[in-house]
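Indexing begins at 1, ligand by ligand and atom by atom, following the structure's order. Just so you know, residue 1 is the first one in the sequence shown, and it goes up from there. Note that the coordinates shown come from a computational prediction; the quantities given were computed from them, not determined experimentally.
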Amino acid sequence: MLDELRSIVGPEHVRTDIDTIRENSTDATKICRPADVIVFPANAAEVAAIVRLSNRLGIPVVSRGGGVGYAGGAIPLKGGIVISLRRMNRILEIDPIDLVAVLEPGVITDDLQKAVESKGLFYPPDPASLKQSSIGGNVAHNAGGPRAFKYGVTRQYLLGLEVVLPTGEIVQTGGRVVKNSTGYDLTDLMCGAEGTLGIITRLTLRLIPKPEAAATIMALFGTAREAAAAATRLIAARIIPSKLELMDGQSLAAIRQYIKDEDIQTACTLPESAGALLLIEVDGSEPTVQSSLAEVRAVVIASGAEVREAENADDLWAIRRYMSPAVGRLRPNKINEDIVVPRSRVADYLDAMEALQRESGLPIVCFGHVGDGNLHVNLLIDAADPVELQKSEGVKRRIFELAVEMGGTISGEHGIGFMKSEFLPLALAPDTIAAMKRIKLAMDPNNIMNPGKIFP
Ligand SMILES: Cc1cc2nc3c(=O)[nH]c(=O)nc-3n(C[C@H](O)[C@H](O)[C@H](O)COP(=O)(O)OP(=O)(O)OC[C@H]3O[C@@H](n4cnc5c(N)ncnc54)[C@H](O)[C@@H]3O)c2cc1C
């Protein structure tokens with residue numbers, strides 16, 4: 001196999017050394033299941049040749065972008081070949097009339113955003129991992145981010161794909177057009193498929209004009225329930241912020257501690273009295289931003305908030321960026337889930353998480369995209385403690401059950417991977433899972449593409 005791989009991509013792009021294997025066999029979960037070999041192809045023809053080889057020999061093949069997924073999607077559970085798309089990182093075209101970008105899957109999300117913004121255009125999906133995540137990985141998980149509330153998720157910007165199927169054919173889906181009713185929508189099928197149905201080798205993405213201006217308000221509340229209630233009042237008042245993020249009291253305590261420990265000089269302090277906050281951004285033309293800001297201010301103040309504004313909005317958003325490292329150091333292990341509930345149930349869900357924390361004695365820190373009802377629920381444990389580890393299994397299940405009981409689901413943007421596959425039956429009926437499995441079998445008869453993912 002190794003000789004054939006070398007002849008496909010060149011010997012220097014086939015790696016079996018332990019450092020490269022380790023680096024490319026894990027993701028943000030930090031779980032590692034070593035691949036046998038990591039391959040770095042340069043184009044779709046090379047990807048297709050690798051997949052044909054893997055299909056002929058029955059060897060698992062896993063595609064990998066930035067490797068910062070939270071569901072274990074890029075981890076080669078059953079060994080085999082990891083195809084890193086890192087070398088396929090060219091932005092091929094940005095067209096200001098068709099309003100599209102054509103690019104390879106290994107382009108880093110932030111690089112695409114900067115490139116289109118330099119031309120006055122906008123690609124809104126903004127996962128907080130955008131400096132490391134790839135566009136291919138974003139499509140594979142249908143990534144969202146803070147702007148999803150107003151602008152939607154990756155799926156809404158996907159027009160066409162070039163994909164290598166598990167049987168090795170290179171197919172084109174969708175196109176460069178914004179309307180398309182031509183046959184089954186294979187583009188949509190690939191989005192969120194977590195690299196189980198094909199490897200994306202080229203993308204055509206929809207762009208929109210870049211908003212002229214944006215401004216941010218930080219609204220501090222006594223409790224998470226009050227913050228969630230203020231978010232629903234904003235929506236009821238027909239205000240659609242471009243970002244609407246919530247952090248609970250434990251998130252704020254962790255960030256305060258992080259700022260102190262790291263001796264960070266910040267223009268934005270978080271008072272001890274604050275038990276939750278909303279970060280709210282509005283965008284549009286300059287006059288629209290000013291009037292929207294006034295409306296937002298009025299609603300949150302009427303909801304009991306203390307309001308902070310800053311000359312430089314980045315001073316406020318820095319608080320959100322500290323979140324992941326700050327929460328990550330509270331306990332040895334952080335299990336980051338991303339449930340979704342209908343917006344109207346966010347306050348109830350936050351209450352339920354407080355009750356679950358009290359019952360279990362395990363810290364549960366919640367923050368996230370409250371405008372979408374999409375919360376990141378962080379269960380903090382010491383996995384070296386067998387009692388705690390076992391208890392965490394029951395708590396995890398409850399986190400998902402409660403989301404489903406409230407009319408929601410078990411993942412809003414991180415996907416299922418293998419971290420959540422055992423919980424899939426909580427969210428989907430047996431016939432739905434069976435239909436999905438039939439699609440997988442039809443497209444990947446030898447089950448070589450990212451086996452062990454999504455399905456229990
Ligand atoms: C600190 C932090 C913050 C985050 N914030 C957000 C957030 O706000 N919103 C959000 O949605 N996610 C977020 N995430 C999760 C993660 O970054 C996203 O899921 C992201 O889309 C993963 O991209 P990646 O390139 O790292 O994918 P990888 O981890 O490399 O792969 C993820 C999956 O995509 C598949 N894949 C990769 N490339 C391809 C391809 N070319 N074709 C087909 N399948 C492919 C893989 O096989 C795997 O199943 C966050 C993660 C971290 C660590």
For atom 6 (C) of ligand 1, what's the nearest protein heavy-atom neighbour? Residue, atom name and distance, please. Ala128 N, 3.6 Å
If we number the atoms of ligand 1 from 1 as shown, the ones under 4.0 Å from a heavy atom of Leu85 are 41 (N)
Give me the atom names and distance for the closest heavy-atom approach of Pro125 to Gln113. O-NE2, 2.7 Å
Is Thr196 touching ligand 1 with its side chain, its backbone, both, or neither, if touching means heavy atoms under 4.0 Å apart? neither
With the threshold set at 4.0 Å, does a side-chain nitrogen-carboxylate oxygen contact exist between Asp338 and Lys420? yes
What atoms in ligand 1 come closer than 4.0 Å to a heavy atom of Ser134? 24 (P), 25 (O)
Is ligand 1 under 4.0 Å from a heavy atom in the side chain of Ser324, in the backbone, in both, or in neither? side chain
Is any NZ, NE, NH1 or NH2 atom of the basic residue among Lys396 and Glu422 found under 4.0 Å from an Asp or Glu carboxylate oxygen of the other? no
Out of Gly72, Ala28, Ser133, Pro125, who gets a non-hydrogen atom closest to atom 22 (C) of ligand 1? Ser133
Ligand 1 atoms in contact with Gly195 (distance to a heavy atom under 4.0 Å): 43 (C), 44 (N)
Could you tell me whether Arg64 and Glu23 make a salt bridge, using a distance below 4.0 angstrom between a side-chain N and a carboxylate O? no
What closest approach, in Å, do Gly73 and Asp27 show between heavy atoms, and which atom pair accounts for it? N-OD2, 3.6 Å
State the atoms of ligand 1, each with its element, that fall below the 4.0 Å cut-off from a heavy-atom position in Asn450. 47 (O), 49 (O)
How are the rings of Tyr151 and Phe122 set relative to one another: parallel (under 30°), tilted (30 to 60°) or perpendicular (over 60°)? perpendicular
One finds that the ligand 1 atoms under 4.0 Å from a non-hydrogen atom of Gly73 are 47 (O), 48 (C), 49 (O)
List the closest protein heavy-atom neighbour of atom 52 (C) of ligand 1: residue, atom name, distance to the nearest 0.1 Å. Tyr70 CE1, 3.4 Å
Are Glu245 and Arg320 ion-paired here, with the side-chain N under 4.0 Å from a carboxylate O? yes
Between the side chains of Glu104 and Arg90, is the shortest nitrogen-to-carboxylate-oxygen separation below 4.0 Å, so that they form an ion pair? yes
Selection from Gly66, Gly412, Gly144, Pro105 by shortest heavy-atom distance to atom 24 (P) of ligand 1: Gly66
What atoms of ligand 1 come closer than 4.0 angstrom to any heavy atom of Gly69? 16 (C), 26 (O), 29 (O)
Leu244 and Ala231: which non-hydrogen atoms are nearest, and at how many Å? CD2-CB, 4.2 Å
Show the atoms of ligand 1 that are less than 4.0 angstrom away from any heavy atom in Ala143. 11 (O), 21 (O)
Please state which protein non-hydrogen atom is closest to atom 35 (C) of ligand 1 and give its distance, to 0.1 Å? Ala140 CB, 3.5 Å
Among Glu245, Glu194, His141, Lys453, which residue places a heavy atom closest to atom 33 (C) of ligand 1? His141
Can you name the closest pair of heavy atoms from Val82 and Ala35 and give their distance? CG2-CB, 3.6 Å
Where is the nearest protein heavy atom to atom 20 (C) of ligand 1: which residue, which atom, and how far? Asn138 ND2, 3.6 Å
Aromatic centroids of His13 and Phe40 separated by under 6.0 Å: no
Among all protein heavy atoms, pick out the one at the shortest distance from atom 41 (N) of ligand 1; state its residue, atom name and that distance to 0.1 Å. Ile200 O, 3.1 Å
Residue and atom name of the nearest protein heavy atom (relative to atom 27 (O) of ligand 1), distance in Å to one decimal: Gly137 CA, 3.5 Å
Work out whether the distance between some heavy atom of Met88 and some atom of ligand 1 is less than 4.0 Å. no
Relative to ligand 1, is His414 under 4.0 angstrom through side chain, backbone, both or neither, heavy atoms considered? side chain
Ring-plane angle category for His376 and His369, please: parallel below 30°, perpendicular beyond 60°, tilted otherwise. perpendicular
In terms of side-chain geometry, is the basic nitrogen of Asp348 or Arg345 positioned less than 4.0 Å from the acidic oxygen of its partner? yes
Nearest neighbour of atom 3 (C) of ligand 1 from the list Gly65, Ser129, Gly67, on a heavy-atom basis: Ser129
Only heavy atoms count here, so choose which of Val68, Leu197, Thr201 is nearest to atom 51 (C) of ligand 1. Val68
Hey, are Lys150 and Asp283 close enough for a salt bridge, meaning a charged N less than 4.0 Å from a carboxylate O? yes
Name the closest protein heavy atom to atom 45 (C) of ligand 1, giving the residue it belongs to and the distance to 0.1 Å. Ser63 OG, 3.3 Å
of all protein heavy atoms, closest to atom 31 (O) of ligand 1 is Ala74 CB, 3.7 Å
Between the candidates Glu413, Met449, Lys131, which shows the shortest non-hydrogen contact distance to atom 10 (C) of ligand 1? Glu413
Between His369 and ligand 1, which part of the residue brings a heavy atom under 4.0 Å of the ligand: side chain, backbone, both or neither? side chain
Only one of Leu252, Leu380, Asn336 forms a side chain to side chain contact (heavy atoms under 4.5 Å, CB included) with Val365, so which one is it? Leu380
When you measure from atom 43 (C) of ligand 1 to each heavy atom in Gly145, Gly417, Gly198, which option holds the nearest one? Gly198
Taking 4.0 angstrom as the limit, do Arg398 and Glu393 come out as a salt bridge? no
